Number of protein chains: 2
Amino acid sequence: MDAGLVGRVRRFNRTVTQRIGVLNDAYLARGRSLGQSRVLWEIGPEGIEVRSLRARLDLDSGYLSRLLRALETDGLVVVEADETDARVRRIRLTPAGAVERAELDVRSDELAASILRPLDDAQRDRLVVAMAEVERLFVASLVEVTATDPAHADARHCLRAYAAELDRRFPGGFDLGTAHPAHLSPPAGLLLVARLHGEPVGCGGLVFRGEGVAEIKRVWVAASMRGLGLGRRLVTELESTATEHGANLLRLDSNRALPEAARLYRSAGYQEVAPFNDDPYAQLWFAKTIA
Amino acid sequence: MDAGLVGRVRRFNRTVTQRIGVLNDAYLARGRSLGQSRVLWEIGPEGIEVRSLRARLDLDSGYLSRLLRALETDGLVVVEADETDARVRRIRLTPAGAVERAELDVRSDELAASILRPLDDAQRDRLVVAMAEVERLFVASLVEVTATDPAHADARHCLRAYAAELDRRFPGGFDLGTAHPAHLSPPAGLLLVARLHGEPVGCGGLVFRGEGVAEIKRVWVAASMRGLGLGRRLVTELESTATEHGANLLRLDSNRALPEAARLYRSAGYQEVAPFNDDPYAQLWFAKTIA
DNA sequence: CTGGTTCTCTGACTAAGGTCAGGGAATGGA
DNA sequence: TCCATTCCCTGACCTTAGTCAGAGAACCAG
């Protein structure tokens with residue numbers, strides 16, 4: 001990797017963590033320990049189950065239990081058994097706890113404001129624009145793409161969302177019909193799922209048709225993640241996976257109701273070709289020869 | 001302050017500290033405590049005095065002493081008395097210590113690379129550009145401007161640098177001459193010094209001429225800090241300070257050899273006026289009426 | 001030479017963060 | 001019904017981070 005780029009990222013890391021990281025901790029946890037503050041913050045207004053809190057903050061069960069006990073004796077939270085499963089415990093903020101949490105909110109605002117305050121209006125605008133760009137690209141870099149069994153809950157979530165979106169956007173609706181996802185499992189094919197913090201946010205499938213031909217299927221990106229280059233990344237990873245499986249020709253069909261898909265494929269080097277199937281939803285056919 | 005801007009800064013803080021902050025600590029200090037790693041890193045290849053290490057990391061003297069003892073028993077550093085002052089102790093890295101420090105360097109690179117890796121070339125370039133912008137504006141927001149006695153070491157550093165720069169840039173050189181800085185002290189005037197992490201990086205003076213007239217003098221910004229809007233900020237703060245002292249007309253003289261200064265004053269609303277003094281270095285005169 | 005100051009170190013102590021083993025209640029599937 | 005599992009809790013323990021008081025050596029100004 002380009003050493004110049006790496007060096008600049010390191011510089012950024014140093015400057016920015018100095019400014020936020022250090023403060024964030026000390027600042028936000030005034031009067032209360034950082035652990036307690038983090039828990040208080042994460043509980044949120046609707047309450048939360050202890051187990052999901054533990055997962056989210058990645059805390060040891062004994063440690064979290066003690067933190068909750070401390071918050072409880074301070075009268076900031078109440079811990080009660082879940083209605084449906086008495087093993088599970090739910091935490092709620094008391095009014096006093098909500099006040100403390102609001103206080104954290106104010107401090108967080110304060111910290112943000114203290115960064116903006118010394119700047120003039122033009123600088124503030126430039127800063128916010130640049131921050132948004134960095135944030136988007138950071139989020140993009142946090143996405144992990146892994147081959148996943150189509151029967152896995154995450155995969156099914158993606159495939160369902162894919163079908164729902166097509167149904168919404170195609171003038172005549174869309175029905176996956178009898179199409180069984182089995183053809184997306186090895187050895188007939190495979191499915192890549194993109195995840196952000198463990199949550200599925202996109203997918204892309206591949207079906208091997210034999211004789212070096214593979215078909216791209218079911219490429220979908222969550223609405224909240226569009227514009228981050230995730231579609232492009234899925235296609236690129238599908239291509240390299242296809243190559244690993246001995247394919248040298250990739251093809252796919254699409255629909256005129258999805259102009260952004262056609263744009264993506266064209267810019268990735270796919271060219272429109274004659275129809276190679278009679279799929280009722282197919283209106284455009286693309287192909288690309290890969291190394 | 002605009003709540004939308006604050007909210008966006010907070011979003012950025014959250015995403016970015018999640019990505020770097022958390023990692024930075026745990027990651028970099030693998031196998032060794034964060035405190036020891038920080039010290040090891042800060043020692044650097046040339047060694048350092050214990051007292052400056054203490055100042056730089058803001059550590060308790062007892063605590064640092066213990067950290068050094070631990071590093072010493074691990075054979076990573078040697079602590080020896082300073083040659084000229086036996087109270088002061090100097091720390092050097094042993095070869096083993098240098099290896100460990102290099103290891104930290106590699107991990108830091110790794111962290112940066114792990115952010116870049118999932119991105120394509122175009123995204124990497126965009127990220128680095130946006131990071132540079134954020135970093136510059138963060139640095140700008142870290143600068144603190146305070147009124148300072150012109151006799152203070154920081155102030156003298158700035159005034160010396162100011163004179164040296166003019167001497168370098170004026171065709172005929174520049175000599176502050178007998179100009180005593182006393183006129184930059186209250187009540188005759190004042191001097192603002194801009195500091196980054198306690199280091200002086202800029203200044204700007206004000207001299208009160210009576211009858212609501214104040215003169216801007218000795219505006220200087222360190223070469224490393226140019227392009228961050230610091231000059232503009234100094235002028236703005238000089239203006240508000242002048243207002244507080246009852247001035248309603250600000251004026252200043254400048255020289256054609258400093259085009260960026262003239263540009264700054266013009267864009268800040270200063271207009272060229274007839275000469276109001278016969279300073280041998282003055283070639284341009286500006287004035288602005290303030291609220 | 002003296003007394004105050006600077007610099008580092010040691011001892012004693014505290015709080016926070018975190019790990020690990022095990023126990024008891026609730027649950028769900030065979 | 002019984003047994004394995006899930007979920008949370010408690011007790012015991014450890015490291016790191018950090019504070020504070022004071023001691024001792026070196027230095028410096030008078």
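Bear in mind the structure is a predicted one, so any value in this text is a computation, not a measurement. In the text below, chain A, chain B and the rest are named by the order of the sequence lines, each starting its count at 1.
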[X] side chain near [N] phosphate (N/O to OP1/OP2, under 4.0 Å):
X: B/Arg89; N: C/dC9; value: yes
X: B/Ser33; N: D/dT15; value: no
X: B/Ser61; N: C/dC9; value: no

I'd like to know if the side chain of A/Ser108 and the backbone of A/Leu104 have a donor-acceptor N/O pair within less than 3.5 Å. no
N/O to N/O distances under 3.5 Å, protein versus nucleotides 11-14 of chain D:
| from | atom 1 | to | atom 2 | distance (Å) |
| --- | --- | --- | --- | --- |
| D/dG11 | N7 | A/Arg66 | NH1 | 3.1 |
| D/dG11 | O6 | A/Arg66 | NH2 | 2.7 |
| D/dA12 | N6 | A/Arg66 | NH2 | 3.3 |

Are side-chain N/O atoms of B/Thr146 and B/Arg195 paired as donor and acceptor at under 3.5 Å?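 Yes.
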Report the distance from atom [atom1] of [X] to atom [atom2] of [N], rounded to the nearest whole Å.
X: B/Leu64; N: D/dT16; atom1: CG; atom2: P; answer: 16 Å
X: A/Leu68; N: C/dG18; atom1: CG; atom2: P; answer: 15 Å
X: B/Leu71; N: D/dA17; atom1: CG; atom2: P; answer: 11 Å
X: B/Gln36; N: D/dT16; atom1: CD; atom2: P; answer: 7 Å
X: B/Leu67; N: D/dA17; atom1: CG; atom2: P; answer: 7 Å

Validation: residues 81-89 of chain B side-chain donor-acceptor distances under 3.5 Å, sequence neighbours left out:
| from | atom 1 | to | atom 2 | distance (Å) |
| --- | --- | --- | --- | --- |
| B/Asp82 | OD1 | B/Thr84 | N | 2.9 |
| B/Asp82 | OD1 | B/Thr84 | OG1 | 2.8 |
| B/Asp82 | OD1 | B/Asp85 | N | 3.3 |
| B/Asp85 | OD1 | B/Arg87 | N | 3.0 |
| B/Asp85 | OD1 | B/Arg87 | NE | 3.2 |
| B/Asp85 | OD2 | B/Arg87 | NH2 | 2.9 |

Closest heavy-atom pair and its distance - B/Leu59, B/Arg54: O-CG, 3.0 Å
Can you see which heavy atom on B/Leu119 is nearest to which on B/Arg124, and at what distance?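 What the structure gives for the nearest pair is O-NE, 3.1 Å.
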Before you tell me yes or no, could you show the steps for B/Glu72 and B/Arg69 under salt bridge (charged side-chain N to carboxylate O under 4.0 Å, His left out), namely the whole-Å CA-CA distance, both residues' side-chain angles and the distance that decides it to 0.1 Å? CA-CA 5 Å; B/Glu72 205 174 20; B/Arg69 223 47 59 229; 2.6 Å; yes
Got a salt bridge between A/Glu133 and A/Arg136, using NZ or NE/NH1/NH2 to carboxylate O under 4.0 Å? no
Can you list everything that forms a side-chain hydrogen bond (donor to acceptor under 3.5 Å, both in side chains) with B/Arg38? Sequence neighbours excluded, please. none
Test side-chain hydrogen bond (donor to acceptor under 3.5 Å, both in side chains) applied to B/Glu42 - qualifying residues, sequence neighbours left out: B/Arg56
State which residue, out of B/Leu76, B/Ile91, B/Leu68, B/Ile48, fulfils the side-chain contact (heavy atoms from CB on, under 4.5 Å) condition with B/Val39.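 That would be B/Leu68; it is the only one of B/Leu76, B/Ile91, B/Leu68, B/Ile48 passing the side-chain contact (heavy atoms from CB on, under 4.5 Å) with B/Val39.
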Which parts of residues 44-59 of chain B get close to DNA chain D, meaning a heavy atom less than 4.0 angstrom away? none
Spell out protein contact along nucleotides 25-30 of chain C as letters: B when the base is contacted, S when just the sugar-phosphate is, - when no protein heavy atom is under 4.0 Å; keep the 5' to 3' order. -BS---
Using side-chain heavy atoms (C-beta onward) and a distance below 4.5 Å, is B/Val134 in contact with A/Leu127?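 The answer is yes; the side chains approach within 4.5 Å.
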